[in-house]
Every structure is written in C-alpha cells, then in structure tokens.
Amino acid sequence: MTRPTVTVWNEFVHERESDVVADIYPDGIHAVIADALEERGFETRTATLDEPEHGLSEEVLDDTDVLTWWGHAAHDEVDDEIVERVKERVLDGMGLLVLHSAHYSKIFKSLMGTTCSLKWREAAERERLWIVEPSHPIVAGLDDDYLELEEAEMYGERFDVPAPETLVFNSWFEGGEVFRSGCCYRRGAGKVFYFRPGHETYPVYHDENIQQVLANACEWAASGENQPSPTYGNADPIEDIDTSDDRTVH
C-alpha cells in the first residue's frame, strides 16, 4: 500500500538565529519531522520560508497529500497568495497538520475564521496530554491513557478556535491550566489537525510518541484526498422519477 506524500513546511528562522534551538534541531525542525515520517514509510519533502514561493509551488502542492506547517517568528512574512493557494488545496482535499505556534499562522486563521489566540507561558513545565478519544486513528499504537512531556511551553484556554469536530487530546500543565491540544476539523474536502506540542527550545519532535501521533495524523488527514468529488452549480430538475406508486396514507 502506498503511503501518503507529505510536505513538511517550516519557516526555519529560530534554528538559524538561536544556538539553543540549533543544538536541538541542527538541520531544522522540518528535517526531524520529515526523517521521522520517512522512517515510518511516508514519502516526504521539505519546504521553508525563504525558498521561491516558500517551497510551495502549485506543482509541489498538487503532489502533496498532507502538508505539515510549523511557524512562529515570521507568520507575517508568508505571502498571501501562497496562503490562498494552500487553502484552495485543503478545500480540494489535501490534509493539513498545524503544529504548535502555527495556531497563529495565516493559513490556520483563514481556515478557522477566528483569531486563534490563547494564553501562554514559557517555563519548561510538565505537560500531560490526555487521550480523550481513544478509538481515534490518530492515537493508534499509543500504549497509555496519556502522553507526557517533561518540558513544554504552556498553552492555556481560552483557545479562540471553533469547537473541534473531534477532540483527540486535552492537555494539563503543572501550572494548572488545561488546553485543547489535538483538534480535528474538516474544511471543504480536506482534513485539518491542530497538534499543540512543539516549542522550538524543547526536543519535543524527537519524542517517539509525538512522532507516532504525527504519522497517524498524516495517515488520517490524507484520506480526504480519496473522497468522492461533489458537483456544484446550476442543476436541472430530476427526471424520470417513478410516480406510479399512488399509495396513500390513511
């Protein structure tokens, strides 16, 4: 069975500006994610902000089943034309994984129609991601009722997004906050998954459980490409309806 083709997008700013981040992700967050997915059988490519068209040409997107998106410091530098191009592909059926601080990306805010704002605190706190939908394919292969990260940036409610169609993870932090950390949506024919973990100064994407969630989510999101294509526009009346059944209800 052919696995989905995944394009791993990363603005690739922090890794080149911070020694702390570079020590954790010397080749970029995108490289770690792409390698983890490739090890699990996916065909992957990477794309970054400073490439022509941000690495997201029409040809690349047409050959992408799932796009993963990590951004933080340069949301405003993403060209609006590229955002619209990505949005159209999602509506046509391409899956989209929105990771950590990409909650504030142009593409996620456009698809959600809200501010996507939240509370946050960077304090290297323990995070426990409770699995609240254990039958969902995104948590396949996970052995416990929760995932735990020893160091994480806190994200807290209110998270200004539409109510997810399925909530897969709900996080608890040492400071007492909770957060909807794994949110599933449909937009058009496409599937969207927001996954909270992933601050750049912590080795979150090296964690095998996190990598398994990303792989599962790519498999789930890619299935939007296989849905029947509806038709739209002006429609003729339905013809040749059998009206011979003249039964009446008494």
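Since the structure is predicted, the reported quantities are computational estimates derived from the model, not experimental observations.
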Undergrad: Does a donor on one side chain and an acceptor on the other come within less than 3.5 Å for T115 and D160?
TA: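 Result is yes, a qualifying pair exists.
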Undergrad: Roughly how far, to the nearest 0.5 Å, is CD of E38 from CZ of R45?
TA: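 R45 atom CZ to E38 atom CD measures 12.0 Å (nearest 0.5 Å).
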Undergrad: Looking at CD of E219 and CG of N216, how far apart are the two atoms once the value is rounded to the nearest 0.5 Å?
TA: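 These two atoms lie 8.0 Å from each other.
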Undergrad: Do V161 and Y185 make a side-chain contact, defined as non-hydrogen atoms from C-beta onward lying under 4.5 Å apart?
TA: yes
Undergrad: Among I138, D145, N170, L142, find the one that has a side-chain contact (heavy atoms from CB on, under 4.5 Å) with I131.
TA: L142
Undergrad: Test the R16-F12 pair against the cation-pi criterion, namely NZ or CZ under 6.0 angstrom from the six-membered ring centroid and within 45° of the ring axis.
TA: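 Judged by the rule (NZ or CZ under 6.0 Å from the ring centre, within 45° of its axis), R16 counts as positioned above F12.
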Undergrad: Tell me, please, which residues at least two apart from E157 pass side chain to side chain donor-acceptor pair (under 3.5 Å).
TA: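 Residues passing side chain to side chain donor-acceptor pair (under 3.5 Å) with E157: R180.
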Undergrad: Does the side chain of R196 come within less than 4.5 Å of F159's, by heavy atoms?
TA: no
Undergrad: Closest approach of F108 and V192, non-hydrogen atoms and distance?
TA: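 Closest approach of F108 to V192: CE1-CG1, 4.3 Å.
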Undergrad: With a 3.5 Å distance limit and no angle check, can you tell me whether S101 reaches the backbone of G71 through a side-chain donor-acceptor pair?
TA: yes
Undergrad: Any side-chain to backbone donor/acceptor pair from T64 onto L67? Under 3.5 Å, distance only.
TA: no
Undergrad: Between the main-chain N or O of V13 and the side-chain N or O of H72, is there a donor-acceptor pair closer than 3.5 Å?
TA: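 No; zero donor-acceptor contacts below 3.5 Å.
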Undergrad: Please check if L147 and L214 belong to a single hydrophobic cluster, counting links between Ile, Leu, Val, Met, Phe, Trp and Tyr side chain heavy atoms closer than 4.5 Å.
TA: yes
Undergrad: Which atom pairs, donor and acceptor, lie under 3.5 Å between side-chain atoms of residues 53-61 and protein residues at least two apart or in another chain?
TA:
unit_1 : atom_1 : unit_2 : atom_2 : d
E53    : OE1    : R85    : NH1    : 2.8
E53    : OE1    : R85    : NH2    : 3.2
H54    : ND1    : L49    : O      : 2.8
H54    : NE2    : D79    : N      : 2.9
S57    : OG     : E59    : OE1    : 3.4
S57    : OG     : V60    : N      : 3.1

Undergrad: Nearest 0.5 Å, what's the NE2-OG1 distance between H30 and T68?
TA: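 One finds 10.5 Å between NE2 of H30 and OG1 of T68.
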Undergrad: Treat each ILVMFWY residue as a node, draw an edge where side-chain heavy atoms are under 4.5 Å apart, and state whether V213 and W130 are in one component.
TA: no
Undergrad: Could you go step by step and tell me if L111 and V98 meet the side-chain contact (heavy atoms from CB on, under 4.5 Å) rule?
TA: CA-CA 11 Å; L111 287 166; V98 179; over 6 Å; no
Undergrad: Has the side chain of E125 got a donor or acceptor atom that lies under 3.5 Å from a matching backbone atom of G175?
TA: yes
Undergrad: Under the criterion side-chain contact (heavy atoms from CB on, under 4.5 Å), I'd like the reasoning laid out for R187 against L91: C-alpha separation, chi angles, the key distance, then a yes or no.
TA: CA-CA 6 Å; R187 291 296 184 267; L91 297 179; 4.1 Å; yes
Undergrad: Atom CD of residue position E43 - does it have more than 12 heavy atoms of other residues, nucleotides or ligands inside 6.0 Å?
TA: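 Atom CD in E43 is not crowded, with 12 or fewer foreign heavy atoms closer than 6.0 Å.
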Undergrad: Search all heavy atoms of A73 against all heavy atoms of E11 and return the closest pair with its distance.
TA: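 Nearest heavy atoms, A73 then E11: N-OE2, 2.5 Å.
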Undergrad: Check S181 against E127 and note the closest heavy-atom contact, atom names and distance.
TA: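 Nearest heavy atoms, S181 then E127: OG-OE2, 3.9 Å.
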Undergrad: Between W70 and I24, is there a shared hydrophobic cluster once you connect ILVMFWY residues whose side-chain heavy atoms come closer than 4.5 Å?
TA: yes
Undergrad: In Å and rounded to the nearest 0.5 Å, what is the CG to CZ distance from L96 to R89?
TA: 11.0 Å
Undergrad: Centre-to-centre under 6.0 Å for Y155 and H100, is that the case here?
TA: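 Ring centroids of Y155 and H100 are less than 6.0 Å from each other.
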Undergrad: Measure the NE2-OH distance between H206 and Y25 for me, rounded to the nearest 0.5 Å.
TA: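 Here the interatomic distance stands at 5.0 Å.
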Undergrad: Could you pull out the closest heavy-atom pair between S171 and L129, with the gap in Å?
TA: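 Shortest heavy-atom separation between S171 and L129 comes out as OG-CG, 3.3 Å.
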Undergrad: On a heavy-atom basis, which atom in E208 and which in R40 lie closest, and how many Å separate them?
TA: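 That closest heavy-atom pairing would be O-NH2, 3.8 Å.
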Undergrad: Measuring only between side-chain heavy atoms, which start at C-beta, is L99 closer than 4.5 Å to Y205?
TA: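 With C-beta onward as the side chain, the pair touches.
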Undergrad: Quick check: does any side chain N or O of E15 sit under 3.5 Å from a backbone N or O of I29, one acting as donor and the other as acceptor?
TA: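 Side chain of E15 to backbone of I29: a pair is present.
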Undergrad: Output the distance between atom OG (S110) and atom CD (E84), rounded to the nearest 0.5 Å.
TA: 6.5 Å
Undergrad: Test side-chain contact (heavy atoms from CB on, under 4.5 Å) on S105 and V78; report intermediate values, then the result.
TA: CA-CA 9 Å; S105 63; V78 178; over 6 Å; no
Undergrad: For residues S18 and E200, determine if any side-chain heavy atom of one lies less than 4.5 Å from a side-chain heavy atom of the other.
TA: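 No, side chains not in contact.
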Undergrad: Test your reading of the model: is there a side-chain donor-acceptor pair from Y202 to the backbone of L149, 3.5 Å cut-off?
TA: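 Side chain of Y202 to backbone of L149, a donor-acceptor pair under 3.5 Å: no, none is there.
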Undergrad: Closest approach of Y194 and H103, non-hydrogen atoms and distance?
TA: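 Closest approach of Y194 to H103, heavy atoms only: CE1-CB, 3.6 Å.
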Undergrad: Report yes or no: do I82 and M94 belong to one cluster of Ile/Leu/Val/Met/Phe/Trp/Tyr joined by side chain heavy-atom distances under 4.5 Å?
TA: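 Yes, I82 and M94 fall within the same hydrophobic cluster.
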Undergrad: Looking at A222, is its backbone amide N or carbonyl O close enough to the side chain of D65 to form a donor-acceptor pair, meaning the two atoms are under 3.5 Å apart?
TA: no
Undergrad: Does the pair V139 and V168 meet the rule for a side-chain contact (heavy atoms from CB on, under 4.5 Å), with working shown?
TA: CA-CA 8 Å; V139 296; V168 181; 3.5 Å; yes
Undergrad: State, yes or no, whether a side-chain contact exists between W220 and C184 at a heavy-atom distance under 4.5 Å.
TA: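 Of all side-chain heavy-atom pairs linking C184 with W220, at least one is under 4.5 Å.
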Undergrad: For F173 together with F179, are the ring centres under 6.0 Å from each other?
TA: no
